[in-house]
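Just so it is clear: chains get the letters A, B, ... in the order the sequence lines come, proteins before strands, and each one is counted from 1.
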Amino acid sequence: MAYWLMKTEPDAFSLQDLQQRGQEPWDGIRNYQARNFLRSMQIGDGVFIYHSRVPVPGIVGTAEVVSTAHPDPTQFDPQSNHYDPASSPHQPRWDLVDVAYRQTFAHHVTLDRLRTMPEFSDSPLIRKGNRLSILPITVDQWHHVLQWAG
DNA sequence: GCCAACGTTGGC
DNA sequence: GCCAACGTTGGC
């Protein structure tokens with residue numbers, strides 16, 4: 001059992017969208033470090049959903065990993081803006097996991113708030129210029145954020 | 001919308 | 001293998 005944080009731009013796909021659909025293949029990850037995290041995920045792992053590129057970025061709720069990693073079909077689709085012509089079906093380069101909605105926080109845990117938490121002082125999440133869209137969350141971080149979220 | 005920071009690509 | 005150029009991310 002592990003914990004993760006996944007970023008999304010709500011203009012493209014929000015926690016509310018996930019709630020409406022129930023679950024969703026988390027496709028479009030095109031970063032090797034993030035992909036390697038995807039590959040280490042297990043069914044039942046907890047996920048913080050983080051909204052980026054909004055006036056007040058932060059963690060807005062939770063989801064759960066409901067599949068292990070499998071090839072992301074959008075890498076083979078020339079119509080997709082995640083198309084990767086260098087990837088082949090014989091040796092897929094990019095994976096996804098399926099993620100199910102769990103809860104929306106009554107109180108969002110904003111980036112400003114996360115910066116005040118000692119649990120996050122070493123996290124890439126609060127570092128300037130950080131572009132990692134999937135990152136591991138410690139047990140302490142998980143529980144502390146849930147506490148703040150009310 | 002701007003732009004700093006970063007990861008990736010490709011010429012050499 | 002180096003590194004400049006490029007495209008993208010994400011806070012502001």
Practice task
For the pair Trp94(A) and Tyr32(A), name the ring-plane relationship: parallel under 30°, tilted 30 to 60°, perpendicular over 60°.
Solution key: tilted
Problem - Whether Tyr3(A) and His143(A) hold their rings parallel, tilted or perpendicular, with breakpoints at 30° and 60° - result: perpendicular
Exercise for the section: Check the distance between dT9(C)'s P and Phe13(A)'s CZ and give it to me in whole angstrom. Expected result: 17 Å
Problem - d(CZ, Arg35(A); P, dG7(B)) in whole Å - result: 15 Å
Problem - Residues, nucleotides or ligands: over 12 heavy atoms within 6.0 Å of Gln20(A) CD - result: yes
Exercise for the section: Grab the CG-P distance between Leu125(A) and dA5(B) for me, whole Å please. Expected result: 18 Å
Handout entry: Asn81(A) CG to dG7(C) P, straight-line distance once rounded to whole Å
Key = 16 Å
Problem - Under 4.0 angstrom between Lys128(A) side-chain N/O and dG11(C) OP1 or OP2 - result: no
Exercise for the section: Between Arg93(A) and Gly129(A), name the one whose nearest nucleotide on DNA chain B is closer to the 5' end. Expected result: Gly129(A)
Practice task
Give the rounded distance in Å between these two atoms: CG of Leu132(A) and P of dG7(B).
Solution key: 9 Å
Problem - Chi angles and distances behind the ring-ring contact (aromatic ring centres under 6.0 Å, His included) call for Phe37(A), Trp4(A) - result: CA-CA 9 Å; Phe37(A) 287 138; Trp4(A) 308 94; 5.7 Å; yes
Practice task
Nearest whole angstrom, please: distance from the P of dG10(C) to the NE2 of His51(A).
Solution key: 13 Å
Problem - Interatomic distance where CG belongs to Asn130(A) and C1' belongs to dC12(C) [whole Å] - result: 15 Å
Exercise for the section: Measure from CD1 on Ile29(A) to C1' on dT9(C) and round the result to the nearest Å. Expected result: 12 Å
Practice task
Measure from the side-chain heavy atoms of Tyr32(A) and tell me the nearest of dT8(B), dG11(C), dG10(C).
Solution key: dT8(B)
Practice task
Select base, sugar-phosphate, or nothing to describe what Arg127(A) touches, counting heavy atoms under 4.0 Å on all strands.
Solution key: nothing
Practice task
Give the nucleotide from the list dG11(C), dT8(B), dA5(B) with an atom nearest to the side chain of Tyr50(A).
Solution key: dG11(C)
